[in-house]
Amino acid sequence: MPDVDRPPANSSAVERGEVPEVAELGNTLTGLFNTLGVSQRAYAVRVTLDPSVVSRYLRGQRVATEDFVDRLIREVEARLGTPLQEAARARVRDQRLAALRATDPALHELETVRQEAAHARRTVARLGREQDALHDRMDRLEAELAAANTELEQQRTDWARDQTAARRRELELRAAAERDRGAREALEAELARLRAHLADLTALRADAESRCRALEDRVLGLEEELGALRAGRGGPEEEPGLPVAVMLDRVSAHLVAGELREVTRALDAAAWERPADELVRILAWLVEMGARHRAEWMVGLVCEYRSLDVVAELGSRLPALGREAALDRELLSHLMRTGTPQDLARLHAAWSTAQDGHRGAGLLTEAVRTAKGADLAALLALVDDAGATVHAVHKASRRDFQPRRLFGLARRLSEQGHEALAAAVLTALVDLTKSEPGGAAAFVQAFGALVPSRRADLGDRIVAVATPPRMLLLLDALYGLRNGERVADELLARVRDAEGALPALLAEAREAYPPNEPETASELRELLLLTYVRSEL
């Protein structure tokens, strides 16, 4: 908590230029401004400010806003035709923070904590990308390891078959086996090292996420404290409790006058302070005025900085805007970018009522479409609803069926002990493979790209969760493809090895494909019968 009791520098001293930190910032800004070659009055028109405000900023008689400083730097870079060095940018930012610390310590700490929170979020994103890259690297190494094991096993078979051959050939095979064993051991050591690195990265990411949440909570507390402090000094720039209609009239007047900065300030304050019902009125007005981009910006502010209760209520009230003005997709998109799995699970619980059930389902659907694999698995585990998971996978896959993504999701859930959810994902996957246009081809491509050990494990899981009618239709769809026979044969082999699965599938085929059915159905039935006979022998 900042030292809010420490009084800021006297405003008269600031106006007289007697605060060294503010004066130093003004000198730096004046040096940048002089490179533009324009008068202060002309520049004030350009940035829609009063000339006296620009003059005070440059003379060090008022702390310049962050927007003014960023705009001036962009103007100077455009004038020079080259970006400023990062050291120069950092010096201006540090001088402005020093001036804020001398004049308004509470606002200085708030901006400092906001920067730390933004840095923490960037750190989380970077660690997430590194984690995904390590997952891909591990998959490739596992494929290489599986290939090495396969080759080693083949060499052992060759050695056994040719043991009566010449001694020299035997020695050559042993030497090759030793070389391959060394390569396999090296791959196993590398894979173990990567797994340890992945564990370290996972711990770092969890720590960064925890710090990010703590910083965001601190930002909220500082904002509340700063608001109370300013209220004690005479109130914010806009009167508290101002009716929405009056506020919208003022925003409209600012728009007509071209005072876009005032419009942004008013909408920013509303996004931070107004209750959900008033926010919906403001959003509806913006959409009606043709300023949908501002409405989407406000939705983003609410999602990132307001409490989950406000976000949940806003989501429940958005349908009142009507289908054409609906901002539901924008709301969900922001939540996917800024919300943690825990936050999304709380919102799903809030929206999974008789009135808002479709909104809770929509959140899970958007997560299945866009969330990262680890975050999606964590969210589904927190929700822990197999029926909702199946529904979300079906809805998300109608526009973009991604079997490989669903394979990985089921594996993650199973590894974390959520077998019912993993089974729900695979059940939906089997149904989509049969029902979606091009679903069987996508399944074959994704399944064939897996390493042999992963294919065997996935095949066993599919056989375990798919009922005989589902499995029969899946095999029918795969055998109907030109390049689907290999995958279908592999799945059929897993059926043969599963206790009791093959007789049940054969009984289903006899009922579904009587002898007078088309030739393809008869061929599948005969193939199942032949597989059954071979398994008995």
Side-chain angles (χ1 to χ4, degrees), residues 1-36 38-41 43-77 84 86-119 218-219 222-238 259-266 268-269 272:
M1 181 175 295
D3 185 9
V4 296
D5 294 329
R6 189 184 70 184
N10 186 278
S11 59
S12 299
V14 176
E15 288 291 335
R16 292 194 300 271
E18 295 176 357
V19 180
E21 292 87 351
V22 182
E24 183 181 2
L25 174 62
N27 291 336
T28 300
L29 296 179
T30 299
L32 292 172
F33 176 79
N34 289 338
T35 64
L36 298 179
V38 298
S39 67
Q40 293 183 12
R41 186 176 299 277
Y43 188 74
V45 173
R46 182 185 302 179
V47 297
T48 64
L49 288 176
D50 189 89
S52 64
V53 174
V54 176
S55 177
R56 288 190 180 96
Y57 286 164
L58 299 181
R59 291 203 306 267
Q61 295 175 338
R62 180 182 292 183
V63 179
T65 65
E66 186 177 5
D67 289 342
F68 179 88
V69 173
D70 291 342
R71 176 67 180 271
L72 179 58
I73 289 175
R74 290 197 300 272
E75 295 286 349
V76 170
E77 289 176 337
L84 293 180
E86 184 57 32
R89 285 174 168 268
R91 185 167 64 89
V92 177
R93 288 195 297 267
D94 292 342
Q95 288 177 345
R96 182 174 178 275
L97 288 175
L100 284 177
R101 183 169 56 247
T103 58
D104 193 343
L107 183 57
H108 165 264
E109 182 164 1
L110 173 60
E111 291 200 9
T112 301
V113 174
R114 279 180 175 168
Q115 290 180 6
E116 291 179 5
H119 177 73
R218 190 178 176 195
V219 167
L222 288 172
E223 287 163 352
E224 294 291 343
E225 185 174 356
L226 183 58
L229 179 62
R230 287 182 171 173
R233 295 177 181 172
E237 295 181 3
E238 188 169 310
E259 298 170 344
L260 300 183
R261 188 179 301 275
E262 296 301 325
V263 172
T264 300
R265 184 179 294 110
D268 180 87
W272 279 80

Got a donor-acceptor contact below 3.5 angstrom from the Ser55 side chain to the Pro51 backbone?
no
Under 4.5 Å between any side-chain heavy atoms of [X] and [Y], yes or no?
| X | Y | value |
| --- | --- | --- |
| Leu36 | Leu72 | yes |
| Leu29 | Phe33 | no |
| Glu75 | Val38 | no |
| Tyr57 | Leu25 | no |

Spatial distance of atom [atom1] ([X]) from atom [atom2] ([Y]) [nearest 0.5 Å]:
| X | Y | atom1 | atom2 | result |
| --- | --- | --- | --- | --- |
| Arg261 | Asp268 | CZ | CG | 12.5 Å |
| Gln95 | Leu100 | CD | CG | 12.0 Å |
| Thr103 | Arg62 | OG1 | CZ | 11.5 Å |
| Arg96 | Phe68 | CZ | CZ | 11.5 Å |
| Glu21 | Asp94 | CD | CG | 13.0 Å |

Under a 4.0 Å N-O cut-off, is there an ion pair linking Arg91 with Glu24?
no
Assess whether a salt bridge exists between Arg89 and Glu77, defined as any Lys/Arg side-chain N lying under 4.0 Å from an Asp/Glu carboxylate O.
yes
Heavy atoms only: give me the nearest Ala102-Val19 pair and the separation to one decimal.
CB-CG1, 4.0 Å
Please determine which of Leu32, Thr28, Asn34 meets the side-chain contact (heavy atoms from CB on, under 4.5 Å) test together with Thr30.
Asn34
Exactly one candidate in Thr65, Val54, Asp67 meets side-chain contact (heavy atoms from CB on, under 4.5 Å) with Leu49; the answer is Val54
